[in-house]
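Input: a single structure, listed below in C-alpha cells.
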Amino acid sequence: MILENKFNLTDQIELAKTEEKISKQKAKQLFDSGDIAKVEVGTFAGLSYIHAYLFGDIYEFAGKIRDVNIAKGNFRFAPLMYLEPSLKHIDTMRQGTFDEIIEKYVEMNIAHPFREGNGRATRIWLDLMLKKEIRQVVDWNRVDKDEYLSAMKRSVVKDLEIKALLKSALTDRIDDRALFMKGIDVSYYYEGYSEFKTEEL
Ligand SMILES: Nc1ncnc2c1ncn2[C@@H]1O[C@H](COP(=O)(O)OP(=O)(O)OP(=O)(O)O)[C@@H](O)[C@H]1O
C-alpha cells in the first residue's frame, strides 16, 4: 500500500524519488534560511519542527504523531498506547555527553513518532544535540549505510555498536552543511532494499 501524498502519486518508486528530492531541498533550505536556529534542541517539539519542515510539502502527517502501529523487519516501534508517554519521557532525558545523546537518539528511534521519514528527521535532531553539547557532529560520509542500519537494528537491544560507529565518525567541522545533508540521503530506497520499507500493522 502506498502512502497518501499531496502529489497524488500512486507509484511507490516515483513517490520515493519525489520524497527524496523534496526532503533534500527542504533540508538545504532549513540550513540556508537559518530556520535551523529555531529548532528546540533535544525535544520532541524540535524534532517535529524538523519533520514538518522536510515533509510538509509531501505528506499531511508531517510533524504529527502517527496514529498507526508500525514495524521494520522484526521490530515493532513503540505501540500507540506508549508513544506519547515515551515522547514526554525522552524530552526529560539527559544530553550532556556523547553517550547520553546517543541513548536519547536510540530511544527516539524506538519511539519512531512519525509514519515515515523518522530516520532523516532524527539524524538532523541528533546532530543538533551533538553540535550544541559537545561541539562535534557526525560526518555521515564516513558512516557505512549497511553498518549503520545493522547497528540501529541492534540498538533496540544494545547500543554499544551504534555508539562505537557514530563515535568513530565525529568531526569538529560543525558548520559544514554538507555533513548534515548526507545524513538525509535515502537513495537506497529505490535501489532494491525492500527490507527497509516500514510496515503498517
Ligand atoms: N529493524 C530496525 N529496528 C530498529 N530501528 C530500525 C530498523 N530498521 C531501521 N531502523 C531505524 O529506522 C530508521 C528508518 O526510519 P524511517 O523509514 O521512518 O525513516 P526514513 O527517513 O524514511 O528513512 P532512513 O532513516 O532509512 O533514511 C533508520 O534510519 C534506522 O535508524
Side-chain angles (χ1 to χ4, degrees), residues 1-5 9 12-13 15-27 30 44 47-48 50-59 61-80 82-83 86-87 90 101-127 129-130 138 140-141 143-166 169 179-201:
M1 203 197 60
I2 183 167
L3 285 175
E4 218 172 278
N5 58 84
L9 297 174
Q12 183 56 52
I13 306 275
L15 175 60
K17 287 188 173 177
T18 306
E19 191 200 74
E20 194 206 9
K21 191 166 142 239
I22 292 176
S23 63
K24 275 186 173 164
Q25 284 167 354
K26 297 298 288 189
L30 178 62
F44 173 67
L47 176 63
S48 168
I50 299 169
H51 192 271
Y53 207 101
L54 297 187
F55 299 104
D57 289 351
I58 312 163
Y59 297 123
F61 63 71
K64 296 184 191 147
I65 298 180
R66 63 182 155 83
D67 56 9
V68 290
N69 284 317
I70 54 172
K72 247 187 201 313
N74 288 326
F75 188 68
R76 178 173 69 145
F77 297 107
L80 286 182
Y82 301 130
L83 183 52
S86 299
L87 296 172
I90 294 167
I101 292 169
I102 303 301
E103 284 156 25
K104 198 161 175 168
Y105 173 66
V106 162
E107 292 307 321
M108 189 56 93
N109 181 60
I110 290 171
H112 238 66
F114 312 110
R115 175 62 188 79
E116 183 66 78
N118 292 277
R120 278 165 281 183
T122 311
R123 285 189 291 276
I124 293 177
W125 184 76
L126 165 67
D127 276 325
M129 284 193 284
L130 292 169
V138 174
W140 293 101
N141 288 297
V143 179
D144 177 81
K145 198 131 255 169
D146 290 329
E147 280 183 47
Y148 163 73
L149 277 164
S150 148
M152 287 308 290
K153 282 183 195 167
R154 175 71 180 149
S155 74
V156 304
V157 180
K158 233 176 176 354
D159 61 18
L160 293 179
E161 288 166 25
I162 191 65
K163 278 179 176 161
L165 185 69
L166 297 183
L179 301 173
F180 291 82
M181 292 302 295
K182 185 67 186 172
I184 72 148
D185 186 25
V186 286
S187 45
Y188 54 89
Y189 263 129
Y190 44 83
E191 287 167 1
Y193 287 78
S194 59
E195 68 165 299
F196 295 134
K197 205 168 155 13
T198 306
E199 191 185 348
E200 187 172 319
L201 302 174

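When a ligand or atom number is given, it counts from 1 through the structure's own listing order. On a predicted model such as this, the values are computed, not experimentally measured, just so you know.
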Counting only heavy atoms closer than 4.0 Å, does ligand 1 sit against the backbone of [X], its side chain, both, or neither?
X: L149; answer: side chain
X: N109; answer: side chain
X: V156; answer: side chain
X: F77; answer: side chain

Would you check the N or O atoms of [X], main chain and side chain alike, for any that come under 3.5 Å of an N or O of ligand 1?
X: G117; answer: yes
X: R123; answer: yes
X: K153; answer: no

- Do N5 and T18 come close enough that some side-chain heavy atom pair is under 4.5 Å?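 Sidechains of T18 and N5: no contact.
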- Residue pair E116 / F55, side-chain heavy-atom distance below 4.5 Å: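 Result no, sub-4.5 Å side-chain heavy-atom pair not found.
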- Task: For N118 and P113, work out which heavy atoms get closest and say how close.
- Result: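 Heavy atoms only, the tightest pair is OD1-N, 3.2 Å.
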- Task: Determine the minimum heavy-atom distance between A111 and L87, stating which atoms define it.
- Result: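 It is CB-CD2, 4.0 Å.
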- Message: Assess whether a salt bridge exists between R76 and E199, defined as any Lys/Arg side-chain N lying under 4.0 Å from an Asp/Glu carboxylate O.
- Response: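 Looking at E199 together with R76, the answer is no, because their closest N to O distance does not fall below 4.0 Å.
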Under 4.0 Å from a heavy atom of [X]: which atoms of ligand 1 are those, numbered in the order shown and with their elements?
X: Y148; value: 28 (C), 29 (O), 30 (C), 31 (O)
X: E116; value: 16 (P), 17 (O), 18 (O), 22 (O)
X: R120; value: 20 (P), 21 (O), 22 (O), 25 (O)
X: T198; value: 17 (O)

- Task: With sequence neighbours excluded, tell me which residues meet side-chain contact (heavy atoms from CB on, under 4.5 Å) with K21.
- Result: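 By the side-chain contact (heavy atoms from CB on, under 4.5 Å) rule, K21 matches Q25.
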- Taking only residues two or more places apart in sequence, or in another chain, which ones meet E107 in a side-chain hydrogen bond (donor to acceptor under 3.5 Å, both in side chains)?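 Counting only residues at least two positions away or on another chain, E107 forms no side-chain hydrogen bond (donor to acceptor under 3.5 Å, both in side chains).
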- Compute the minimum heavy-atom distance from H112 to ligand 1 and say whether it is under 4.0 Å.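 Per 4.0 Å heavy-atom rule, H112 contacts ligand 1.
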- Query: Using the ring of each side chain (for Trp, its six-membered ring), is F114 parallel, tilted or perpendicular to H51, with breaks at 30° and 60°?
  - Reply: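 Rings of F114 and H51: parallel, as their planes differ by under 30°.
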